Amino acid sequence: LELSTLSVLAADPVVTSAAASAALPAPPNSKDSPKEVYLKYYATLAAPNASLSSIRPFQSKKTLEKIEKDKDSDQLSGLIKLLMPPSAVVLSEKITGKTATLNLTCTDAKEVNPFSGEPAKSVTKGEATLVQEDGIWKVEKESWSTKVGDAVDEPAKGDAVNKPAK
């Protein structure tokens with residue numbers, strides 16, 4: 001099963017940990033764009049009180065069928081939360097018929113470069129595929145990869161959501 005992430009709680013494209021913990025976003029509706037659905041999905045998943053049932057309204061039928069077949073699905077939301085990037089930025093959205101592809105990124109400076117003493121940076125890039133079901137965009141799959149190093153000069157620009165701090 002591939003992971004998914006991102007969400008918007010208000011008009012502000014950056015969701016802080018305080019906003020994400022206040023309340024879960026409303027489920028997706030037919031007025032939401034794929035980007036908006038993904039941002040809501042990420043915020044829901046990042047919320048401290050989120051569970052696998054919290055993100056079900058955002059997931060495609062195909063994804064839900066995979067989860068139903070998984071015997072360890074009860075532990076899945078904890079694993080997804082553990083592996084999700086600390087923030088997500090939607091760089092682009094491409095809609096082709098009833099399928100949408102989002103290019104995502106996360107830049108995070110947490111580690112310290114042992115040689116320079118400066119924060120070491122990592123670049124996490126991702127892609128999410130959403131499908132339209134009954135007029136509503138749903139997350140079907142998501143993948144992320146991370147490159148660690150000093151390759152990032154400035155943060156990515158786009159709509160972002162931050163994972164709540166622990």
Side-chain angles (χ1 to χ4, degrees), residues 1-17 19-20 24-48 50-70 73 75-108 121-148 151-152 155-164:
L1 184 64
E2 295 179 73
L3 301 179
S4 316
T5 30
L6 213 51
S7 179
V8 166
L9 294 174
D12 187 353
V14 178
V15 177
T16 64
S17 58
L24 295 176
N29 64 62
S30 60
K31 294 178 183 177
D32 291 336
S33 69
K35 178 173 66 175
E36 291 168 328
V37 169
Y38 186 77
L39 292 172
K40 284 183 181 182
Y41 170 76
Y42 184 90
T44 299
L45 187 58
S51 66
L52 198 54
S53 62
S54 303
I55 60 173
R56 286 180 66 88
F58 298 94
Q59 296 176 312
S60 70
K61 291 174 186 172
K62 183 177 177 180
T63 300
L64 291 172
E65 286 173 8
K66 287 180 184 179
I67 292 170
E68 295 296 323
K69 290 179 184 177
D70 189 344
S73 63
Q75 291 85 25
L76 193 58
S77 65
L79 177 63
I80 292 171
K81 281 184 166 195
L82 180 67
L83 297 175
M84 68 188 277
S87 64
V89 178
V90 177
L91 296 175
S92 67
E93 173 186 75
K94 181 180 178 185
I95 301 172
T96 308
K98 293 188 176 199
T99 302
T101 303
L102 303 179
N103 288 309
L104 312 166
T105 191
C106 167
T107 56
D108 187 31
K121 297 178 181 177
S122 64
V123 178
T124 301
K125 294 186 178 191
E127 182 176 283
T129 302
L130 288 82
V131 294
Q132 198 173 43
E133 296 177 350
D134 301 322
I136 299 173
W137 291 101
K138 304 282 185 147
V139 178
E140 183 154 284
K141 66 180 181 176
E142 177 178 14
S143 61
W144 291 93
S145 63
T146 301
K147 179 181 177 184
V148 178
V152 183
K157 293 177 176 47
D159 293 322
V161 175
N162 296 315
K163 184 176 175 181

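None of the values given here were measured: they were computed from a predicted structure.
Here the CD-CG distance, from Glu93 to Asn103, works out to 10.5 Å after rounding to the nearest 0.5 Å. Note that the CD1 atom of Ile55 and the OG1 atom of Thr44 stand 8.5 Å from one another [nearest 0.5 Å]. Going from atom CD of Glu127 over to atom OG of Ser143 covers 6.0 Å, rounded to the nearest 0.5 Å.
In this structure, Thr129 contributes its side chain and Thr101 its backbone to no donor-acceptor pair below 3.5 Å. Judged purely by atom type and a 3.5 angstrom limit, Thr96 has no side-chain atom pairing as donor or acceptor with the backbone of Thr99.
Contact detail for Thr124 and Trp144: the closest heavy-atom pair is CG2-CE3, 3.3 Å. When all heavy atoms of Ala26 and Lys40 are compared, the pair lying nearest together is O-CD, 3.5 Å. When all heavy atoms of Pro34 and Leu130 are compared, the pair lying nearest together is O-CD2, 3.5 Å. Residues Ile136 and Ser30 approach most closely at CG1-N, 3.8 Å, considering heavy atoms. Here the closest non-hydrogen pair linking Pro28 and Pro57 is CG-O, 3.4 Å.
With contacts defined as side-chain heavy-atom distances shorter than 4.5 Å, the pair Gln132/Val37 does not qualify. With a 4.5 Å cut-off on side-chain heavy atoms, Leu104 and Val90 count as touching. Using a 4.5 Å heavy-atom cutoff, the side chains of Lys61 and Asp134 are in contact. Side-chain contact check for Val131 versus Lys98: every heavy-atom pair is 4.5 Å or farther apart. Under the 4.5 Å side-chain criterion, counting only non-hydrogen atoms from C-beta, Ile95 is in contact with Trp137. Between Tyr41 and Gln59 the shortest side-chain heavy-atom distance falls below 4.5 Å. Side-chain contact between Leu64 and Lys138 is absent, with no heavy-atom pair separated by less than 4.5 Å.
Classification of Arg56 and Glu68 as a salt-bridged pair holds, one side-chain N sitting under 4.0 Å from a carboxylate O.
Between the side chains of Ser60 and Thr63, at least one donor N or O lies within less than 3.5 Å of an accepting N or O.
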